[in-house]
Amino acid sequence: MPSRMERPNIRNNFKRNNFKRMIALFAAAVWLPAVILIAAASFGFAQGAGEQRPTTGKDLYEAACASCHGPDGKGADRATVGFDIPLPDFTDCSFAVREPDSDWGAIIHEGGPARGFSDTMPSSGDALTSEEIEKVMDHLRSFCGNRAWPRGELNLPRPLVTEKAFPEDEAVLTTTVAAEGAGAVTHQLVYERRFAARNQIELAVPLALKRIDGRGWGGGVGDIALGFKRVLFHSLRTGSILSLSGETVLPTGEKSDGSGKGFTVFEPFVTFGQLLPSEGFLQFQGGVEIPAGGHGAAKEAFWRTAVGRSFTQARFGRTWSPMVELLGGRELEAGAKADWDLVPQFQVSLSTRQHILLNFGVRVPLNNAGPRPTQVMFYLLWDWFDGGLRQGW
Ligand code: HEC
């Protein structure tokens, strides 16, 4: 064993003898790979520009997007860009905030055609990493500074029956076919229109057709409903959106053939949407139907829940959203029993723009099935704000 006095000498000897080798090793182990990485990175980005790779969303935007989209996000003018395709205005909150990151990410990564837009919007391909695309999108988000508008991520897939919390610009044609008993088909056309950041008005027109024994099909326009919805709360951080709605159902249908109730009904209700991990979601609607006037009809409470999950085909492609609804309703009278229905269904986007969607499901009564036949239901949904019926395929 060396004495305490000898130790420093041993150390000094070690230092002297190995100093040069350590420098060499250090350089090889640390600096060489670092130098290679830096060289590779700048090669990948600068592509001959000879500049340092931008790191902030703003700098990335200015380097890669501003030549077309303008430094202010409003779109450079036609004379500058040299093409006629109108450029989006990212400062327009009504348009920009409703578009979810998933759609913009697909467009930025794959180019305009990924969502049925022009290929003048180039694909960033591998030139931008996912992290950089996120930074650029954060910068796009900064062009609308108004936080009153709920983000498009909170716009969950529309269930067949449960109403959504997100305010929409949509037209939906829902068809319900009785799968048992006498033939009965109902079409319902719903038109929804947003105004300002948090409001939406709605018009629902049902068309009921029934098989009348020996006389073929009969029926007509049912009870037309007018509605108003207002978002009370929304947060992308918690993934939640809560709205309050009021609907008036007018007695425009015919009571005798079952296409109408014969009296006006007021329907206040709340709707709630919650994002869940891994593209999951939960939606709830609860309210009461209050008949106007003294027709002897009872008030009714209803509560509806939908849970599901979205799957994206091939990373940026078609979206499939299987979900299941549990529907409950009960007259608000002593001794009344609740009716329960289950509606397994799946929604799928038909157009590349994802603005035309189909949902198909079956409404199965869980109890008290006598008066409520099993029904096949489907809808075609057109988000008309995002494009015409023939655009975006
Ligand atoms: C060569 C010009 C050009 C460049 C560069 C460009 N874009 Fe575009 N971008 C367009 C055009 C044109 C459209 C509209 C396409 C259409 O409406 O068919 C568009 C559309 C978009 C949209 C879709 C908006 C919507 O309607 O939902 C997004 C998002 C977008 N660009 C982001 C970017 C980002 C981010 C960059 C930079 C990484 C970028 N663009 C670079 C031309 C360009």
Side-chain angles (χ1 to χ4, degrees), residues 44-49 51-144 146 149-155 166 168-170 194 236 312 315-319 349 351-357 382-393:
F45 183 75
Q47 308 243 326
E51 287 166 14
Q52 265 222 318
R53 190 179 182 83
T55 50
T56 67
K58 183 170 186 287
D59 291 347
L60 286 162
Y61 176 85
E62 271 157 17
C65 324
S67 57
C68 292
H69 290 288
D72 58 0
K74 290 184 174 178
D77 57 53
R78 285 178 193 200
T80 317
V81 292
F83 55 76
D84 276 345
I85 299 146
L87 284 149
D89 177 357
F90 292 113
T91 66
D92 173 6
C93 300
S94 166
F95 142 72
V97 189
R98 73 175 75 200
E99 304 297 339
D101 274 0
S102 53
D103 282 343
W104 278 2
I107 292 167
I108 297 167
H109 194 273
E110 302 283 278
R115 285 293 177 272
F117 289 108
S118 154
D119 61 5
T120 309
M121 166 59 208
S123 143
S124 73
D126 295 329
L128 295 176
T129 64
S130 317
E131 207 179 294
E132 286 169 334
I133 289 181
E134 271 177 29
K135 285 185 187 172
V136 171
M137 286 197 286
D138 284 347
H139 186 63
L140 291 184
R141 299 289 174 199
S142 72
F143 289 125
C144 160
N146 186 341
W149 297 80
R151 273 283 290 271
E153 279 77 358
L154 302 173
N155 189 357
F166 196 87
E168 290 284 14
D169 282 321
E170 279 179 359
R194 278 178 87 157
L236 188 60
T312 310
R315 193 163 169 214
F316 297 116
R318 202 181 290 287
T319 309
S349 58
S351 60
T352 309
R353 179 110 13 122
Q354 315 251 32
H355 71 314
I356 296 176
L357 301 146
W382 170 30
D383 182 341
W384 49 264
F385 186 91
D386 269 0
L389 276 175
R390 289 161 59 180
Q391 284 176 312
W393 287 88

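As the structure lists them, so they are numbered: ligands from 1, and atoms in each ligand from 1.
Within the 4.0 Å heavy-atom criterion, neither part of Val81 lies near ligand 1. Of the heavy atoms in Pro122, only side-chain atoms (C-beta onward) come closer than 4.0 Å to ligand 1. Of all the heavy atoms of Phe95, the ones lying under 4.0 Å from any atom of ligand 1 belong exclusively to the side chain.
Interface of Phe90 with ligand 1, defined as ligand atoms under 4.0 Å from a residue heavy atom, comprises 28 (C), 29 (C), 30 (C). Atoms of ligand 1 lying under 4.0 Å from at least one heavy atom of Ile108, given by number and element, are 32 (C), 35 (C). For ligand 1, the atoms closer than 4.0 angstrom to any heavy atom of Leu87 are 10 (C), 11 (C), 12 (C), 42 (C). Listed by number with element, the atoms of ligand 1 under 4.0 Å from a non-hydrogen atom of Cys68 are 1 (C), 2 (C), 3 (C), 4 (C), 5 (C), 42 (C), 43 (C).
No cation-pi contact links Arg194 to Trp149, judged by a cut-off of 6.0 Å to the six-membered ring centre and 45° from its axis.
Using a 4.0 angstrom heavy-atom cutoff, Ser124 does not count as in contact with ligand 1. Between Gly112 and ligand 1 there is no heavy-atom distance shorter than 4.0 Å.
Among protein heavy atoms, atom 5 (C) of ligand 1 sits closest to Ala64 O, 3.5 Å. Nearest to atom 18 (O) of ligand 1 among the protein's heavy atoms is Ser118 N, 2.8 Å. Among all non-hydrogen protein atoms, the one lying nearest atom 27 (O) of ligand 1 is Trp104 NE1, 3.1 Å. Counting only heavy atoms of the protein, atom 37 (C) of ligand 1 lies nearest to Cys65 SG, 1.8 Å. Ranking protein heavy atoms by distance to atom 16 (C) of ligand 1, first place goes to Phe117 CD2, 3.5 Å.
Residue contacts with ligand 1: Glu99 is placed with no nitrogen or oxygen under 3.5 Å of a nitrogen or oxygen of the ligand (distance criterion only).
The two residues Phe83 and Arg78 make their nearest non-hydrogen contact at O-CG, 3.8 Å.
Between Tyr61 and His69, the ring planes lie tilted relative to each other; the angle falls in the 30° to 60° range.
The line from CD1 of Ile108 to CG of Asp101 is 8.0 Å long, rounded to the nearest 0.5 Å.
Checking Asp92, Asp386, Asp169 one by one against Arg98, the salt bridge (charged side-chain N to carboxylate O under 4.0 Å, His left out) holds for a single residue, Asp169.
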- Message: Run Ser124 and Ile133 through side chain to side chain contact (heavy atoms under 4.5 Å, CB included) and show every step you take.
- Response: CA-CA 9 Å; Ser124 73; Ile133 289 181; 3.9 Å; yes
- Start with the C-alpha distance between Phe90 and Ser142, add both sets of side-chain angles, then the distance that settles side chain to side chain contact (heavy atoms under 4.5 Å, CB included), and finish with yes or no. CA-CA 9 Å; Phe90 292 113; Ser142 72; over 6 Å; no
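With atom 8 (Fe) of ligand 1 at the apex, Met121 SD and His69 NE2 define an angle of roughly 180° (rounded to 10 degrees).
Around CG of Asn146, the count of heavy atoms belonging to other residues, nucleotides or ligands within 6.0 Å exceeds 12.
Between Arg141 and Glu134 there is no salt bridge, since none of the side-chain N atoms of the basic residue sits less than 4.0 Å from a carboxylate O of the acidic one.
In this structure, Glu110 and Arg115 have side chains that are not in contact, with every pair of non-hydrogen atoms separated by 4.5 Å or more.
Nearest residue to atom 22 (C) of ligand 1 from Asp84, Val136, Ile107 is Ile107 (criterion: closest heavy atom).
A side-chain donor-acceptor contact under 3.5 Å links Ser349 to the backbone of Thr319.
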